There are 2 protein chains.
Amino acid sequence: MKATLKDIAEHLNVSVSTVSRVINGKGRVGKETRERVLEAIKELNYQPNEIARSLKRQSSRTIGVIVPDISNAFYANIIKGIEKVARENEKSIIVCNSDENITLEEEYVQLLAQKQVIGLIVASVGGNAEVFKQYRQHGLPIVFIDNLPKIEDNYDFVAIDNYKASYKLAEHLIEQGYRKFAIITGPLNQSTASERQEGFIKCLKDNGIEINYKFIASGEFKLESGYSIMKKWLKGIDKPMALFAANNFIAYGAIKAINEEGLKIPEDIAVVCFDAVDVTGLIKPQITSVNQPAFDIGTIAANIIIRKEKNKKVKAYEKVILEPDMAINESSLLKK
Amino acid sequence: MKATLKDIAEHLNVSVSTVSRVINGKGRVGKETRERVLEAIKELNYQPNEIARSLKRQSSRTIGVIVPDISNAFYANIIKGIEKVARENEKSIIVCNSDENITLEEEYVQLLAQKQVIGLIVASVGGNAEVFKQYRQHGLPIVFIDNLPKIEDNYDFVAIDNYKASYKLAEHLIEQGYRKFAIITGPLNQSTASERQEGFIKCLKDNGIEINYKFIASGEFKLESGYSIMKKWLKGIDKPMALFAANNFIAYGAIKAINEEGLKIPEDIAVVCFDAVDVTGLIKPQITSVNQPAFDIGTIAANIIIRKEKNKKVKAYEKVILEPDMAINESSLLKK
DNA sequence: TACGTTGGTGTTAACGTTTGCGCAAATTGT
DNA sequence: ACAATTTGCGCAAACGTTAACACCAACGTA
């Protein structure tokens, strides 16, 4: 059906290697032959078989990417960043959705390894990196983004400074006059959840503010978690005055609960979180949020992979921690 | 570095084919040998080279997907649907972002064809399907989703009935008492844009409502288009009373303009559109919208590919037009 | 005349699999 | 006890490429 090198070669009565040389522009080929080959390629609509090439070259020219949720704009933008760098370097990417599921994530790691990807970029939902260990040992470069699983030896990692970012959010709330705080984080085995919580608490301690442990909860990074936890708290007599949600979905859920209880943001209760970028511009209230440079995280991670593949012998590990950027909005602004 | 069949074979003093047979569970292998092989596979952490397999099998077990924008939740959900079916059938997917760019789209088609995908699912941004023609001829199954490029012969296609959906939106607005309409669509060479416009206009005509052509504009499917076009209209003395935006981003932009001009939705002007699903639940006003079953579109499209690959001889083409589903919200509700 | 050079091309061996074929040994049936 | 069958396994070809190597012809140079 599809034309192969052999078809072209036979069609022109030359050898396959001659055709191959024309296509790759390597080695010598007579001018006239070259033109005849080029013509035949067009005529037969020849497309090189990338699978065969990959096998021969021992490189798939493909980067594997695993994220928890592709429909989350944060991850979608990371993917776009990766894709840009990949394109520039004539690589392509395979994206897998772990659906926040550690088992699925592991399956995908295996799948991608079998597909001989040149490297893996993973926003892992796992707490440790045991699974990744053996693949690394066998020479598969792995770059973690966003969440950093615990692992003994070195690793490549790209993320923002979650600790510092949360610290700054707390500072902002204190400055606005809030004193009674609540925290809803994600699964604490994920560094994104634990570091954000720790940074926030540290700031409270540094400012001599009492930590109210009954208003610290760990759920999933999902709307439902934010909603149900906040709902429960608001049913009590003692209510928090300012909420720190560890990601956007938790915040959305919490705000929904707050609205339902008829409370006002930010007068009755303030809300701050991570990653609440609003492409529509229509979300009310606009939320104070640390906005991660998702696209950049993607490009940086991809560049690490590219560099590693060019330089296979060098076994250096890069840890890139970006400065957080905070957008202050009405959800936490008491003073004008 | 990585272990191959040969490594295992040598390690055990058996032939490669024996090892291969154990792995694939095909052909006869003695019980004891099988166990020894299985053990060695674990010990050496053998992972089958999927590239070599694909070459030999003449199938990459991979579905290619091209969408205009992965960070649009609509496409992200389509991808999730495709991925689900792919997983169930032991296939994987490669997702490409055409960025609403027809040139990039064509590049990706070629790339995916070279990667020997078993089929292509494309939400094309092009007006015609010339590029796809030759690939189809060479036996590559192609399923169009969402937008249907013009093409002479048959094709596989999955989408909702855009014409009918827009007709229903118009009906709803008329029923609410609106009489002066504006339309902002996307590029008219895309069926998604033209059909939506036509369906809406047809309903107006059927109801004897005058078409105000100065309030019909075609831009891009982007926020900026909705914003600038609406802004211009609102600067005039004669203003429309109800807007039909052909997709969510156009609507967001238009609403931004409406808000800036201090007009009230839906009292001064109503807004309806396509695909304004709000995962946050916080967008104000909540928009009346035709919500496409994105996930289903994905699963259906993927199933078509799967079927085609099982049944290569059969050359049937499927056209699946789903019934539209409309969510009526405050952005168009005058009466209580 | 002979000899290096170089341009153009074909031959061949890989890359890691899968699989049809064949052969010897083991098992079964008569 | 001998044929017929079954079982277990190796051999080798193939999938579509690439690239090291070798070869021949034509040419320039000593």
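None of these values were measured; they are calculated from a predicted model. Sequence lines set the chain letters: A, B, ... in the order given, protein chains first and strands last, and positions in each chain run from 1.
- With B:Glu50 as reference, B:Arg61 is the one residue of B:Lys2, B:Lys91, B:Lys56, B:Arg61 to meet the salt bridge (charged side-chain N to carboxylate O under 4.0 Å, His left out) rule.
- For DNA chain D, the neighbouring residues in residues 52-62 of chain A, judged by any heavy atom under 4.0 Å, are A:Ala52, A:Arg53, A:Lys56.
- Using a 4.0 Å cut-off on heavy atoms, the residues of residues 17-31 of chain B that approach DNA chain D are B:Ser17, B:Thr18, B:Arg21, B:Arg28, B:Val29, B:Gly30, listed by number.
- If you take OG1 on A:Thr192 and CD1 on A:Ile145, they are separated by 11.5 Å, rounding to the nearest 0.5 Å.
- B:Val14 comes within 4.0 angstrom of the backbone, heavy atoms only, and of no base.
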Walk me through it: do B:Val109 and B:Ile66 pass the test side chain to side chain contact (heavy atoms under 4.5 Å, CB included)?
CA-CA 8 Å; B:Val109 175; B:Ile66 304 178; 3.7 Å; yes
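- Distance, A:Glu50 CD to D:dT17 C1': 10 Å, rounded to whole Å.
- Side-chain contact check for B:Lys115 and A:Ser92: at least one donor-acceptor pair (N or O, by modelled atom type) lies under 3.5 Å.
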Show, in sequence, the C-alpha distance, side-chain angles and deciding distance for B:Tyr75 and B:Asp146, and conclude whether the side chain to side chain donor-acceptor pair (under 3.5 Å) test is met.
CA-CA 10 Å; B:Tyr75 295 114; B:Asp146 195 36; 3.1 Å; yes
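- In this structure, the CG atom of A:Leu12 is 10 Å from the P atom of C:dG10, given to the nearest Å.
- Annotation: B:Glu39, atom CD; neighbour count of heavy atoms from other residues, nucleotides and ligands within 6.0 Å does not exceed 12.
- To the nearest angstrom, P of C:dG16 lies 15 Å from CD of B:Gln47.
- Distance B:Glu10 CD to D:dG10 C1': 14 Å, rounded to the nearest Å.
- In this structure, CD1 on A:Ile51 lies 9.5 Å from CD on B:Gln58, to the nearest 0.5 angstrom.
- A:Gln116 places its CD atom 9 Å from the C1' atom of C:dG16, with the value rounded to the nearest Å.
- The CD1 atom of B:Ile102 sits 11.5 Å away from atom CD of B:Glu107, with the distance rounded to the nearest 0.5 Å.
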Where protein sits on nucleotides 22-27 of chain D, one letter per nucleotide: B base, S sugar-phosphate only, - none, heavy atoms under 4.0 Å:
------
Before giving the answer on ring pair (Phe, Tyr, Trp, His ring centres under 6.0 Å), spell out for A:Phe132 and A:Tyr155 the whole-Å C-alpha distance, their side-chain angles and the decisive distance to 0.1 Å.
CA-CA 10 Å; A:Phe132 297 98; A:Tyr155 41 80; over 10 Å; no
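- Rounded to whole Å, the distance from CD1 on B:Ile51 to P on C:dG16 is 12 Å.
- Rounded to whole Å, atom P of D:dC15 lies 19 Å from atom CG of B:Leu5.
- Expressed to the nearest 0.5 Å, how far CD1 of B:Ile82 lies from CG of B:Asn77 amounts to 11.0 Å.
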For B:Ile321 and B:Ile160: C-alpha separation, side-chain torsions, deciding distance, then whether side chain to side chain contact (heavy atoms under 4.5 Å, CB included) applies.
CA-CA 5 Å; B:Ile321 307 296; B:Ile160 64 157; 5.9 Å; no
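- Protein atom CG of A:Asn13 is 13 Å distant from nucleotide atom C1' of C:dT9, rounded to whole Å.
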